[in-house]
Amino acid sequence: MPVEPPAAILAGGETTVTVRGGGRGGRNMELALAWSLAMAYWSPESPAAILAMDTDGIDGRSDAAGAVAWPWLPVALREAGLDPYQLLAENDSERAFAYAGSLVSTGLTGTNLNSIVVMLLGPPPKAYHGET
């Protein structure tokens, strides 16, 4: 494995998305939702999370800057009657994160430097479990 957990991976830049649907959301939310689908397939119990957001405070056709996702998000969406693959196909990733309560809203920041991606890979430190 190139990075041994626990680890934090930081990235910047801007991904691209092919818009085919009329949903709400942007490239960062699509990245986070696609990441959660991949993680759910490969490692659904993994203690991992991703934050993907725009520095300007708006991610595509959304009022949110981005979102936070976990590997078990697709399961929660399916249990709620939402199809995460369909949400991606319709460019409606904001709906997934609105349901999960994990939209990141900063308001307009007045800057447009980059997109920010932070991925955290567990296991969490022992201190979180009350161990020393």
Would a distance-only check, ignoring hydrogens and angles, find a side-chain to backbone donor-acceptor pair under 3.5 Å from Thr55 to Asn114?
yes

If you compare all heavy atoms of Pro71 against all heavy atoms of Pro74, which two are closest, and at what distance to 0.1 Å?
O-CD, 3.3 Å

Looking at every non-hydrogen atom in both residues, tell me the closest pair between Ala64 and Leu103 and how far apart they are.
CB-CD2, 4.0 Å

Count I, L, V, M, F, W, Y as connected when their side-chain heavy atoms are under 4.5 Å apart, and connections chain through other members. Are Met29 and Tyr99 then in the same cluster?
yes

Is Leu31 linked to Leu10 within one hydrophobic cluster, defined over Ile, Leu, Val, Met, Phe, Trp and Tyr using a side-chain heavy-atom separation of less than 4.5 Å?
no

Using every non-hydrogen atom in the two residues, find where Ser36 and Trp70 come nearest and quote the distance to one decimal.
CB-O, 3.3 Å

How about Asp56 and Thr109: does a side-chain donor come under 3.5 Å of a side-chain acceptor?
no

Side chain to side chain contact (heavy atoms under 4.5 Å, CB included) against Leu120, all qualifying residues, sequence neighbours excluded:
Ala8, Val118

ILVMFWY cluster, Leu113 and Val117 together (side-chain gap under 4.5 Å)
no

So OG1 of Thr106 and CE of Met53: to nearest 0.5 Å the spacing works out to 5.0 Å

Quick one: CG on Leu121 to CD1 on Ile9, what's the gap to the nearest 0.5 Å?
5.0 Å

Check Arg61 against Gly23 and note the closest heavy-atom contact, atom names and distance.
NH1-O, 3.2 Å

Give a yes or no on whether Trp35 and Tyr41 share a hydrophobic cluster (residues Ile, Leu, Val, Met, Phe, Trp, Tyr; joining criterion: side-chain heavy atoms under 4.5 Å apart).
no

With rounding to the nearest 0.5 Å, note down the distance linking CD in Gln86 to CG in Leu77.
13.0 Å

Working to the nearest 0.5 angstrom, can you tell me the gap between Phe97 CZ and Arg24 CZ?
14.5 Å

In Å and rounded to the nearest 0.5 Å, what is the CG to OG distance from Asn28 to Ser115?
4.0 Å

Under 4.5 Å between side-chain heavy atoms, counting indirect links through other Ile/Leu/Val/Met/Phe/Trp/Tyr residues: same cluster for Met119 and Ile116 or not?
no

Residues passing the salt bridge (Lys or Arg N to Asp or Glu O under 4.0 Å) test with Asp83, sequence neighbours excluded, are none

Residues pairing under side-chain hydrogen bond (donor to acceptor under 3.5 Å, both in side chains) where one sits in residues 7-20, two or more places apart or in two chains, turn out to be Glu14-Arg27

Heavy-atom closest contact (Pro84 atom, Leu33 atom, distance):
O-CD2, 3.9 Å

State, to 0.1 Å, how close Trp72 and Ser46 come at their nearest heavy-atom pair, and which atoms those are.
CZ3-O, 3.7 Å

Roughly how far, to the nearest 0.5 Å, is CG of Asp54 from CG of Asp59?
5.0 Å

